[in-house]
K.L.:
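Following this message is one structure expressed as structure tokens.
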Amino acid sequence: AAGVRRIEALTGAAAEELMYKKDDLIEGLKAFFNNAKDLTSVIKKTIEENADLHKQLESYVRKREDELKDRLIKSAHNEGGVTLIKHVVPFPPEVVKNVIFKIAAEVQQGLFCVIGCVNQGKPTITLMISKDLTTDGNLNAGSIVREAAKLIQGGGGGAAHFATAGGKNPDGLNAAIDRAVELAHLK
């Protein structure tokens with residue numbers, strides 16, 4: 001009912017057991033932190049250090065993403081007026097996605113970028129096509145990546161300008177990337 005307060009309590013043996021459990025938990029935490037006298041401040045300091053390390057790691061990853069973006073743009077080939085970037089990189093799919101969007105922000109016209117990676121034994125293909133190449137309906141990243149993914153025993157899809165696919169066969173990754181380029185009729 002509205003305005004009613006409930007109080008839950010333990011008494012007797014149950015209350016005693018709860019106190020023992022809490023005491024064991026605190027002693028376990030103290031042991032984990034080398035029997036620190038002020039457990040609260042040690043835990044707070046550890047949390048702050050962890051947050052600082054996390055920020056440093058994020059900064060390092062962003063820097064590496066920018067370096068990879070620059071390297072991939074420099075490796076691009078011109079195929080019939082289209083900037084073609086195709087590569088396999090040793091980074092996880094989320095990094096590849098960030099990099100491919102950074103490339104698209106820099107090369108806004110005539111871009112066909114397909115990047116493959118293997119993460120935890122599973123291959124992934126990421127495809128970005130600049131919007132000017134998808135407007136006439138001839139190129140569709142979702143359709144291309146779906147067809148290319150068959151070579152890595154997988155599937156995928158996405159929008160006309162961006163799509164991803166995952167699979168089970170990392171040995172077919174290079175062939176899948178080549179198939180994506182072939183399906184775009186760039187060579």
Side-chain angles (χ1 to χ4, degrees), residues 47 49-187:
I47 290 170
E49 287 173 354
N50 184 44
D52 185 47
L53 289 171
H54 188 70
K55 286 178 186 176
Q56 290 176 25
L57 180 62
E58 285 179 350
S59 174
Y60 176 76
V61 169
R62 277 193 304 275
K63 182 180 175 186
R64 294 292 305 227
E65 286 175 355
D66 289 340
E67 290 170 357
L68 178 60
K69 172 200 58 120
D70 293 339
R71 220 172 41 238
L72 290 173
I73 289 174
K74 286 178 184 173
S75 74
H77 300 331
N78 190 325
E79 297 289 336
V82 174
T83 301
L84 172 62
I85 299 172
K86 64 175 194 162
H87 215 283
V88 176
V89 296
F91 294 99
E94 57 273 6
V95 171
V96 171
K97 181 180 177 185
N98 292 342
V99 168
I100 214 164
F101 273 95
K102 288 179 180 188
I103 290 171
E106 202 162 305
V107 183
Q108 296 180 2
Q109 299 287 317
L111 174 66
F112 188 92
C113 181
V114 58
I115 300 175
C117 68
V118 178
N119 189 39
Q120 297 177 349
K122 295 185 180 191
T124 303
I125 303 167
T126 306
L127 174 61
M128 175 69 76
I129 304 172
S130 60
K131 292 183 181 179
D132 64 306
L133 297 178
T134 62
T135 54
D136 60 9
N138 288 339
L139 293 179
N140 183 299
S143 300
I144 291 171
V145 94
R146 193 173 305 113
E147 182 65 29
K150 293 176 183 176
L151 295 170
I152 57 171
Q153 298 174 353
H161 70 285
F162 175 76
T164 60
K168 300 177 209 164
N169 179 18
D171 295 332
L173 189 57
N174 285 318
I177 289 172
D178 290 339
R179 179 71 176 139
V181 174
E182 180 184 309
L183 289 167
H185 306 292
L186 297 178
K187 285 192 170 190

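Worth knowing before you read on, the calculation uses all heavy atoms, side chains too, and leaves out hydrogens, waters and symmetry mates.
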K.L.:
Working to the nearest 0.5 Å, report the span between CD of Glu147 and NZ of Lys150.
P.N.:
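Answer for the CD-NZ pair, Glu147 versus Lys150, is 4.0 Å.
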K.L.:
Which atom pairs, one a donor and one an acceptor, fall under 3.5 Å between side chains of residues 89-103 and the rest of the protein, sequence neighbours left out?
P.N.:
{"from": "Asn98", "atom 1": "ND2", "to": "Glu65", "atom 2": "OE2", "distance (Å)": "3.0"}
{"from": "Asn98", "atom 1": "ND2", "to": "Glu94", "atom 2": "O", "distance (Å)": "3.4"}
{"from": "Lys102", "atom 1": "NZ", "to": "Glu65", "atom 2": "OE1", "distance (Å)": "3.2"}
{"from": "Lys102", "atom 1": "NZ", "to": "Asp66", "atom 2": "OD1", "distance (Å)": "2.9"}

K.L.:
Rounded to the nearest 0.5 Å, how far does CD1 of Ile152 lie from NZ of Lys122?
P.N.:
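Here the rounded value is 11.5 Å.
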K.L.:
Hey, are the side chains of Asn174 and Val88 touching, using non-hydrogen atoms and a 4.5 Å cut-off?
P.N.:
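SC-SC contact between Asn174 and Val88 confirmed.
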K.L.:
Do Leu139 and His185 have side chains that get closer than 4.5 Å, going by heavy atoms?
P.N.:
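SC-SC contact between Leu139 and His185 ruled out.
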K.L.:
Where do Phe112 and Ala180 come nearest, in terms of heavy atoms and distance?
P.N.:
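In terms of heavy atoms, the two residues are closest at CZ-O, 3.6 Å.
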K.L.:
Decide yes or no on side-chain contact (heavy atoms from CB on, under 4.5 Å) for Glu106 and Ile73, but give the supporting numbers first.
P.N.:
CA-CA 9 Å; Glu106 202 162 305; Ile73 289 174; 3.5 Å; yes
K.L.:
Does the pair Ile125 and Thr164 meet the rule for a side-chain contact (heavy atoms from CB on, under 4.5 Å), with working shown?
P.N.:
CA-CA 6 Å; Ile125 303 167; Thr164 60; over 6 Å; no
K.L.:
Report the C-alpha distance between Met128 and Val114 in whole Å, list the side-chain angles of each, state the deciding distance to 0.1 Å, and finish with yes or no for side-chain contact (heavy atoms from CB on, under 4.5 Å).
P.N.:
CA-CA 6 Å; Met128 175 69 76; Val114 58; over 6 Å; no
K.L.:
Can you check whether Gln109's main-chain N or O pairs, donor with acceptor, with Asp132's side chain at less than 3.5 Å?
P.N.:
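The answer is no, because no donor-acceptor pair under 3.5 Å joins these two groups.
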K.L.:
Evaluate Leu111 against Leu133 for side-chain contact (heavy atoms from CB on, under 4.5 Å), listing each step before the verdict.
P.N.:
CA-CA 8 Å; Leu111 174 66; Leu133 297 178; 5.7 Å; no
K.L.:
Quick one: does Leu84's side chain get under 4.5 Å of Val181's, heavy atoms only?
P.N.:
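With C-beta onward as the side chain, the pair touches.
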K.L.:
With rounding to the nearest 0.5 Å, note down the distance linking CD1 in Ile85 to CG in Leu127.
P.N.:
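The distance works out to 11.5 Å.
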